[in-house]
Amino acid sequence: MSISRDLLLRASRSELLARQLVRRAFLRRALRRFMPGEHLSDALEAATGFAAAGVGTVLTQLGENVTSVAEAGAVRDHYLDVLQQVERRRLPTHLSVKLTHLGLDVDRDACEQAVRALAARAAGARTTLWIDMEDSRYTDATLDLFRRVRPDHPSLGLCLQAYLRRTGGDLEQLLRLAPAIRLVKGAYAEGPAVAFPRKRDTDASYRALAARLLEEAAHAGARPVFGTHDMRLIRRIRENAAALGVPPGGYEFHLLYGIREADQRALAAQGETLRVLISYGSAWFAWYMRRLAERPANVWFVLKNLV
Ligand SMILES: Cc1cc2nc3c(=O)[nH]c(=O)nc-3n(C[C@H](O)[C@H](O)[C@H](O)COP(=O)(O)OP(=O)(O)OC[C@H]3O[C@@H](n4cnc5c(N)ncnc54)[C@H](O)[C@@H]3O)c2cc1C
């Protein structure tokens, strides 16, 4: 891992830094590149704009590792309200949630009940509820919860991280459920025992996992979503999907708001099913540091906002 990436990922875990920096105007200005605003209304307005251009969206409220049952309950209720608003506005919008935001650290049963309630509501709104994958301390608990809930709620999808050495095995087990899987490279600081330290190994792992998912998608054995901005990878996935005869809509690309926007427009114009993941909320510090770590050159963009 490069020193700058390592530093930024360490910063993402510092509550002291978060407290000192979140009010700084230059950082808030730079943040606007990655999120339309802190409020749900900002995200819904952006989603409405994308919908008008034929592009779907995924909404997520920033936040993780809540420390009380009451906080987790408030997050669940917030998302139930979001689903209602999405349905009322007829938006082509999915939701993505973090289990530690729904209280995984505090009360696992209550967290599972919250996921069940949200998945049922998502199905009612004819949309998909995605579970993010957090750092590797949570991988087993996240997979367990998904395996338990998914048979009752086909509208539930799960994120898997290509940088984890275990993911090939996890995917094979999950395929029995004909699941919706969002494949990403992985955004957290992980040791070499659990994750590939070299980017090229993560990229190779992503290619292999994507190929496996497409094989399954060719006979509706999986619903893959490729969460990446790596255009070389995207080109290869499209070629592979065409060669395997995966039907249109049999897979999707999901990209983050504000990243590679010209490529997003081009993919949509070329008929690919594309969604843009829009984040909102005030707890953006850790998430924003992870975005900077993905491309440390982004730090220059932040510094430019100082002047
Ligand atoms: C829809 C979606 C959901 C995600 N969910 C999760 C999750 O649940 N768990 C998790 O661990 N990770 C998640 N991630 C983040 C993911 O793991 C990667 O950290 C992130 O997508 C960067 O990897 P990449 O595939 O774009 O490839 P990279 O090889 O890192 O980047 C490819 C190119 O994309 C551009 N790019 C990538 N990131 C940035 C950036 N931050 N700023 C500017 N340009 C950039 C650059 O041009 C770069 O050269 C998600 C990503 C997406 C798109």
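Treat the numbers as computed from the prediction; the structure is a model and nothing was measured. Remember, it's 1-based here, ligands and their atoms both numbered in the order they're listed.
Relative to atom 3 (C) of ligand 1, the option among M133, H254, H94, R182 with the closest non-hydrogen atom is R182. Looking at I259, T202, D203 and measuring to atom 40 (C) of ligand 1, the nearest heavy atom belongs to I259. Within the set Q161, K199, K98, the minimum heavy-atom distance to atom 30 (O) of ligand 1 is found for K199. For atom 26 (O) of ligand 1, the nearest non-hydrogen atom from the set R291, R295, H229, M231 comes from H229.
Contact annotation for atom 5 (N) of ligand 1: protein present (non-hydrogen atoms, distance under 4.0 Å).
A perpendicular orientation is assigned to the rings of H101 and Y79, their planes being inclined by more than 60° (bins at 30° and 60°). Classification of the F253-F226 ring pair by plane angle, with boundaries at 30° and 60°, yields tilted.
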Between Y280 and H78, is a ring-ring contact (aromatic ring centres under 6.0 Å, His included) present by the stated rule, with each step listed? CA-CA 12 Å; Y280 63 93; H78 170 79; 5.7 Å; yes

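Salt-bridge check for E252 with R182: failed, with every basic side-chain N at 4.0 Å or more from each acidic carboxylate O. Between D6 and R10 a salt bridge is recorded (basic side-chain N to carboxylate O distance below 4.0 Å).
Look at R275 and you'll find every heavy atom at least 4.0 Å from all atoms of ligand 1. At least one heavy atom of R33 sits closer than 4.0 Å to an atom of ligand 1.
Within the 4.5 Å cutoff, the side chain of I259 has heavy atoms near those of the F34 side chain. The shortest side-chain heavy-atom distance between L145 and C111 falls under the 4.5 Å cut-off.
In terms of protein heavy-atom proximity, atom 18 (C) of ligand 1 is nearest to E294 OE2, 3.4 Å.
Here's the thing with L277: none of its N/O atoms is less than 3.5 angstrom from an N/O atom of ligand 1.
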